[in-house]
Amino acid sequence: DTGVSQNPRHKITKRGQNVTFRCDPISEHNRLYWYRQTLGQGPEFLTYFQNEAQLEKSRLLSDRFSAERPKGSFSTLEIQRTEQGDSAMYLCASSFSMTVPNYGYTFGSGTRLTVV
Amino acid sequence: EDQVTQSPEALRLQEGESSSLNCSYTVSGLRGLFWYRQDPGKGPEFLFTLYSAGEEKEKERLKATLTKKESFLHITAPKPEDSATYLCAVQSGNTPLVFGKGTRLSVIA
């Protein structure tokens, strides 16, 4: 297993267009998380899945954002009608649901979105 | 609501000049406090998990400590390759990690 994989690494889109990102987690991990990070800020939680069930969504996740994790494997994050304020690094992470010791999350390298 | 505050925002050190980074937190029932390292353009990389006050963890030139209100990341005799952003995060119960804004560390040769 090569860790958490995110594609694409970079995406430039025009305002108003739709974009979709993909995340392939570590195969043994049953939890998958999406975070957003802007310059000079820490990662902000967006949503997470346990297997295929979406268990929590942040207030940051407007109705233009939708995430799926079909069959509990890879996940996609779609942003509709992109706005310039959506420009950020979108990070995916995965973990086991409950482990001791707790190693936290394994993050991917992120998808950098630029809305022009 | 869980909160994490990191200080300073940025820190510039000469190679070999030891220092500490601070992470203050408020959380309802700490399950773990996490330190991550993040290099530019990359995702955070796990460093340590601390579970209870008094606990300490070490890795090479890094040492993390935990009290009931804050955690410190001590960097002893840093090298230029230690330059990165260091992120602190907390978890209460089974909720998603809550991150601070990070400390940008620059180590000058």
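At a 4.5 Å heavy-atom cutoff, the contact between B/Leu87 and chain A is made by side-chain atoms alone. Heavy-atom distances place no part of B/Glu45 under 4.5 Å from chain A, backbone and side chain included. Neither the backbone nor the side chain of A/Glu44 has a heavy atom closer than 4.5 Å to any heavy atom of chain B. For chain A, no part of B/Phe48 is nearby; none of its heavy atoms comes within less than 4.5 Å. Using a 4.5 Å cut-off between heavy atoms, A/Gln6 does not touch chain B at all. Using a 4.5 Å cut-off between heavy atoms, B/Thr95 contacts chain A through its backbone alone, with no side-chain atom that close. With a threshold of 4.5 angstrom between heavy atoms, A/Tyr35 approaches chain B through side-chain atoms but not through N, CA, C or O.
Ring centers of A/Tyr105 and B/Phe46: at least 6.0 Å apart, outside the cut-off.
The line from CZ of A/Arg9 to NZ of B/Lys42 is 8.5 Å long, rounded to the nearest 0.5 Å. Distance check: A/Leu91 CG to B/Gln38 CD gives 6.5 Å after rounding to the nearest 0.5 Å.
Under a hydrophobic-cluster definition in which Ile, Leu, Val, Met, Phe, Trp and Tyr are linked whenever side-chain heavy atoms come within less than 4.5 Å, directly or via other members, B/Val4 and B/Trp35 are assigned to the same cluster.
The side-chain heavy atoms of A/Pro43 and B/Leu97, taken from C-beta on, include no pair separated by under 4.5 Å.
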